[in-house]
Protein chains: 2
Amino acid sequence: MAGVSIATVSRVINNSKPVNHDVRIRVLKAMEQTNFLPNAMARNLAKKESLLLGVMVPEVKNTVLDDLINGINQVSRLYGYNIMLSLTAGTLENELHYFNMFREIQADGIILASENLKEELVKGIKVSNIPLILVGRDSLDTVPTVHVDNVTAAYEAVTYLIQQGHRKIAMLRVRSGDIASGDHRYQGYVRALNEAGISIYKDWVVESGISVEDGITSMRKICEAESMPTAIFCATDRIAIGAMNYLLEIGLRVPEDVSIFGFDGIDMSSFIRPKLSTVKYSAEEIGMTAARNLIKLIRGEEISSRHWIVSHYLENRDSVCTLN
Amino acid sequence: MAGVSIATVSRVINNSKPVNHDVRIRVLKAMEQTNFLPNAMARNLAKKESLLLGVMVPEVKNTVLDDLINGINQVSRLYGYNIMLSLTAGTLENELHYFNMFREIQADGIILASENLKEELVKGIKVSNIPLILVGRDSLDTVPTVHVDNVTAAYEAVTYLIQQGHRKIAMLRVRSGDIASGDHRYQGYVRALNEAGISIYKDWVVESGISVEDGITSMRKICEAESMPTAIFCATDRIAIGAMNYLLEIGLRVPEDVSIFGFDGIDMSSFIRPKLSTVKYSAEEIGMTAARNLIKLIRGEEISSRHWIVSHYLENRDSVCTLN
DNA sequence: CTGAAAGCGCTTACAG
DNA sequence: CTGAAAGCGCTTACAG
C-alpha cells in the first residue's frame with residue numbers, strides 16, 4: 001500500500017521487529033489515510049491466540065454481576081485481553097451453546113458463573129481442556145473456582161440472628177443444584193441451628209427461584225405454615241427484597257414483626273426501607289481474582305492454588321430486631 | 001481424518017453441498033470421536049462473515065438493560081447470529097475501544113447504547129461503514145435508532161403531575177449530551193410547563209449522574225433551593241429512587257410532602273415503598289426491533305424506516321399525591 | 001532492516 | 001458426489 005511489503009506492515013503494527021524509522025512513518029501515514037484496521041480473525045488464525053476471554057453469566061439484573069464484570073474487565077484490559085460477555089439465563093442449553101461458541105471463536109479462556117452447573121457441561125469442560133474458572137460458587141475440585149465461603153458466611157448470618165434472640169428462623173433457600181452456593185448457604189443455616197440446639201422445622205425452609213417475584217411467592221409459602229418464624233434468612237438479597245415486600249403487603253412490619261437477613265449486598269439493599277441487613281463481599285474482587293488467575297492458566301504460569309476465597313462480612317442494618 | 005478430503009468435511013458440517021450418505025456418516029462419526037469443533041476464526045476469514053453482533057451498553061446495573069439484551073439475544077439467535085456484549089461504562093475511551101475491537105474481530109454489525117454519544121464516535125461510525133443501530137436514545141438522523149419518544153413521554157408525565165394539581169415541579173435531569181435522551185426528557189418537561197403557563201425555576205432543574213447515589217446528591221441540591229417544589233420529575237428510576245431515599249432520610253414523606261415521578265419502569269420501581277410512579281416501556285421490544293433491523297441492514301435488505309419508536313405509557317403508582 | 005514464501009484452518013469455484 | 005487448489009488477511013522463520 002505504501003511501497004512496502006505486507007510483512008513490514010505487520011511488523012510496524014505489532015512492533016515485533018525493528019523497522020526503519022522513515023518506513024514506519026510511511027506505513028503509519030498510509031494506515032491513517034486508508035482508515036486501516038487489522039483483521040483480528042486473520043491475526044488470531046496465524047498466531048493461534050485471540051486475547052479474548054469468554055465470560056458467561058446467567059443474567060445481569062443482579063447488580064453483583066455488574067461489579068463482577070467490572071473486576072474482570074479491569075484486570076483483563078491490564079493484560080491486553082478483551083472480554084466477550086454472554087447471558088445464559090442459567091439454562092444448560094444456553095450454557096452449552098455459549099461454551100461451544102467461545103471455543104469455536106477460539107477464546108483463550110472462559111470465566112463461568114453458573115448457579116446450577118450440570119454434569120454435561122462439566123464433562124465438556126474437562127474434555128475441551130480450555131482454561132476455565134468457575135466463579136461465585138463452590139465446585140468439584142477438578143475445576144478452579146473463586147467464590148466466598150458460603151457455608152461460613154451463612155453460618156455467621158444465622159448465628160447473628162440467634163444472638164439477637166431469634167430461635168424461630170426460616171430460610172428462603174435457592175433451589176438445590178449439585179453443590180451450588182444455594183446448597184452451601186443452606187448448610188451454613190443448618191450448622192448454625194444445630195450448634196444452637198435448635199431443630200429445623202421443615203415448613204420453614206422453602207426453595208425459591210432467584211427473582212424478586214420468586215421471593216414474594218416463597219414468602220407466602222412460609223406464611224402459610226402453621227406458625228410464623230420471627231426471622232427469615234434469605235439466600236440472596238433479591239429474594240429478601242421480595243420477602244419484605246410480601247410481608248409489608250399483608251400488613252406485617254419489618255423488623256418489628258419479622259426480621260429479614262439477606263446475602264450479597266446488592267446496591268438496592270441499602271435503598272429499600274428498612275435497609276436490609278446482609279452478607280457483603282466484593283464481587284469486583286472475585287472478578288479480578290478470576291481474571292488474573294485465568295490469564296496465568298492461559299499462559300501456563302504457576303498458580304498458587306485452585307480455589308480462591310474472597311472475604312465477606314456481615315452488614316447489619318435495619319431489617320433485624322433484637323428479641324428479649 | 002476419516003479417509004475423506006477436508007473439503008468434504010466442510011461440506012457435511014455446513015450442509016453446503018450434497019454428500020453421499022455413507023460418507024457423511026463416516027465424517028460425523030470421526031468428528032464425534034475426535035471431539036472436533038470447527039475453528040470459527042478460519043471460517044469467518046474464508047467466508048467474510050462472522051455471524052457475530054457486537055452489543056455495547058454502558059453498564060448493567062440498570063435492569064432495563066437486562067430486558068434490552070434479552071430482546072436482542074432472542075431475535076439474534078433466531079437468525080443464527082451470536083452476540084458479543086461489552087460494557088463501556090459510558091466513557092468515550094471505552095466506546096472507541098470496543099467499537100474498534102468489534103470491527104477488528106469482524107463483527108457483522110453493532111448495537112450501541114450510549115447516553116452521551118460523542119462526535120468522535122459518530123465520525124468513526126460513519127467512516128467505518130459497519131451496520132450499526134443506536135438504541136435507547138434519539139439521534140442524528142444519519143444513524144438508525146430505536147428508542148421511546150422521550151419528549152412526548154416526559155411531556156405526558158409532567159402534564160400528569162400538573163393535572164394532579166402540582167405547579168411547583170422540579171426536574172432531576174441527566175447531564176446534557178448532544179441530543180441524548182437526557183435532553184429530550186428535559187424538553188418534554190419544558191414543554192409541559194410552558195403549555196400550562198408555569199415558568200421554569202432554574203434552581204429546580206438540576207443535572208444528575210445516573211446512579212442511585214447521584215440521585216441522592218442531586219435531591220440534596222434541590223432541597224437547598226430557596227423553596228421546595230411539591231413534585232419532582234426524575235429522568236430515570238434510579239435517580240428517582242435516590243431522590244426518594246434522600247427525602248425519607250431528612251424526614252420528608254413521599255408522596256405526602258413531595259411527589260416523585262420516575263422514568264424507565266425498572267423492576268425495583270415497584271418493590272420500593274412507596275411504589276414509584278413511572279414511565280414504562282418495553283426494553284425487550286427495543287432490543288428485538290434493533291436486532292431485527294440490524295440484521296436486515298447487514299443483509300442489505302430493504303428497511304422500513306431509519307427510526308423506530310417503541311411505545312410507552314404512564315404507570316401510576318403511589319409516589320404521587322393529588323393536590324387540591 | 002526488509003521481502004518472498006509458507007502456513008494458520010477453513011470455503012468454494014473448478015474439474016472430474 | 002468428491003478432491004486438488006486457490007484464497008481469506010495475517011505472522012513468522014528464512015534469506016539476504
Side-chain angles (χ1 to χ4, degrees), chain A residues 1-52 54 80-82 100-108 128-130 298-299, chain B residues 1-52 54 80-82 100-108 128-130 298-299:
Chain A
M1 353 186 125
V4 297
S5 83
I6 185 181
T8 306
V9 175
S10 167
R11 294 198 259 258
V12 353
I13 290 177
N14 299 297
N15 262 301
S16 48
K17 283 272 173 92
V19 173
N20 184 49
H21 187 67
D22 297 351
V23 180
R24 150 164 286 127
I25 299 293
R26 207 137 42 85
V27 172
L28 257 18
K29 265 212 184 98
M31 283 177 47
E32 189 101 344
Q33 288 171 15
T34 345
N35 213 273
F36 175 84
L37 258 203
N39 182 326
M41 294 267 172
R43 175 169 44 71
N44 301 344
L45 224 211
K47 297 189 73 162
K48 290 165 147 296
E49 170 192 65
S50 65
L51 295 179
L52 247 28
Y81 285 80
N82 277 304
N100 284 325
M101 171 186 123
F102 283 142
R103 288 175 58 208
E104 292 187 10
I105 216 75
Q106 310 303 116
D108 288 339
S128 78
N129 226 3
I130 187 172
I298 291 171
R299 296 183 171 171
Chain B
M1 356 186 122
V4 297
S5 84
I6 185 181
T8 306
V9 174
S10 167
R11 294 198 258 259
V12 354
I13 290 177
N14 299 297
N15 261 303
S16 47
K17 283 273 172 96
V19 172
N20 184 49
H21 187 69
D22 297 351
V23 180
R24 151 164 285 127
I25 300 292
R26 206 137 41 85
V27 173
L28 257 18
K29 265 212 182 99
M31 282 177 49
E32 189 100 346
Q33 288 171 15
T34 345
N35 212 273
F36 175 84
L37 258 203
N39 181 326
M41 295 267 173
R43 175 169 45 70
N44 300 344
L45 223 210
K47 298 190 73 163
K48 291 166 147 294
E49 170 192 65
S50 65
L51 294 180
L52 246 29
Y81 286 80
N82 277 305
N100 284 325
M101 171 187 123
F102 283 142
R103 287 174 60 207
E104 292 187 11
I105 216 75
Q106 310 302 116
D108 289 339
S128 77
N129 226 4
I130 187 173
I298 292 170
R299 297 183 172 172

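In what follows, chains are A, B, ... by sequence order, proteins preceding strands, each numbered from 1.
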Without decimals, in angstroms, what is the distance between A:Gln106 CD and D:dC10 P? 18 Å
For side-chain contact (heavy atoms from CB on, under 4.5 Å), just list the numbers for B:Asn15 and B:Arg24, CA-CA rounded to whole Å, side-chain angles, deciding distance to a tenth of an Å, and then say yes or no. CA-CA 10 Å; B:Asn15 261 303; B:Arg24 151 164 285 127; 3.1 Å; yes
Please report the distance separating the P of C:dA5 from the corresponding atom of C:dC1, rounded so that it comes out in whole Å. 23 Å
In Watson-Crick or G-U wobble terms, with both distances under 3.5 Å, the base opposite C:dA15 is D:dT2
Can you check side-chain contact (heavy atoms from CB on, under 4.5 Å) on A:Glu32 and A:Leu28, steps first, answer last? CA-CA 6 Å; A:Glu32 189 101 344; A:Leu28 257 18; over 6 Å; no
Name the nucleic acid region contacted by B:Asn14, choosing base, sugar-phosphate or nothing; use a 4.0 angstrom heavy-atom cut-off, strictly under. sugar-phosphate
Between D:dG9, C:dC10, C:dT2, which nucleotide has the shortest distance from any of its atoms to the side chain of A:Val23? C:dT2
Which of the following nucleotides, C:dC10, C:dT12, C:dG3, is nearest to the side chain of B:Lys47? C:dT12
Please round to the nearest 0.5 Å and tell me the distance separating atom CZ of A:Phe102 and atom CD1 of A:Ile130. 9.0 Å
Between P on C:dC10 and CD1 on A:Ile105, what's the gap in Å once rounded to a whole number? 13 Å
Once rounded to the nearest 0.5 Å, what's the spacing between atom CG of B:Leu37 and atom CE of A:Met101? 12.5 Å
Pairwise 5' ranking along DNA chain D for B:His21 and A:Ala46, keeping only the more 5' one: B:His21
So, is B:Ser10 near the phosphate of C:dT11, with a side-chain N or O under 4.0 Å from OP1 or OP2? yes
Let me know the distance between CG of A:Asn44 and P of C:dC10, rounded to the nearest Å. 14 Å
For A:Glu49 and D:dC10, what is the distance between atoms CD and P respectively, to the nearest whole Å? 17 Å
Most 5' of B:Met41 and B:Thr8 on DNA chain C, judged by nearest nucleotide: B:Met41
Go nucleotide by nucleotide along DNA chain D from the 5' end; which of B:Ile6 and B:Arg24 gets its closest nucleotide reached first? B:Arg24
Given atom CZ of A:Phe36 and atom P of D:dG9, what is their separation to the nearest angstrom? 10 Å
How many angstroms lie between atom CG of B:Asp108 and atom CG of B:Asn44, to the nearest 0.5 angstrom? 8.0 Å
Taking the minimum atom-to-atom distance to the side chain of B:Leu45, which one of D:dA13, C:dG9, C:dC10 wins? C:dG9
To the side chain of A:Ala7, which of C:dG9, C:dT2, C:dA4 is closest? C:dA4
Give a yes/no answer on whether the side chain of B:Lys48 brings an N or O atom under 4.0 Å of OP1 or OP2 in D:dG9. yes
Report the nucleotide, chosen from D:dG3, C:dG3, D:dT12, that has the shortest atom-to-atom distance to any side-chain atom of A:Arg11. C:dG3
A:Arg43 side chain, from C-beta outward: closest of D:dC10, C:dG3, C:dC10: D:dC10
Starting from C1' on D:dG9, measure out to CZ on B:Arg103 and report it in whole angstrom. 16 Å
Protein-nucleotide distance (A:Asn15, atom CG; D:dT11, atom P), rounded to Å: 12 Å
Please round to the nearest 0.5 Å and tell me the distance separating atom CG of B:Asn39 and atom CD of A:Glu104. 9.0 Å
Candidate nucleotides C:dC1, D:dC10, C:dG9, ranked by approach to the side chain of A:Asn20 - the nearest: C:dC1
Rounded distance (Å) that lies between atom P of D:dT12 and atom CD1 of A:Ile13: 12 Å
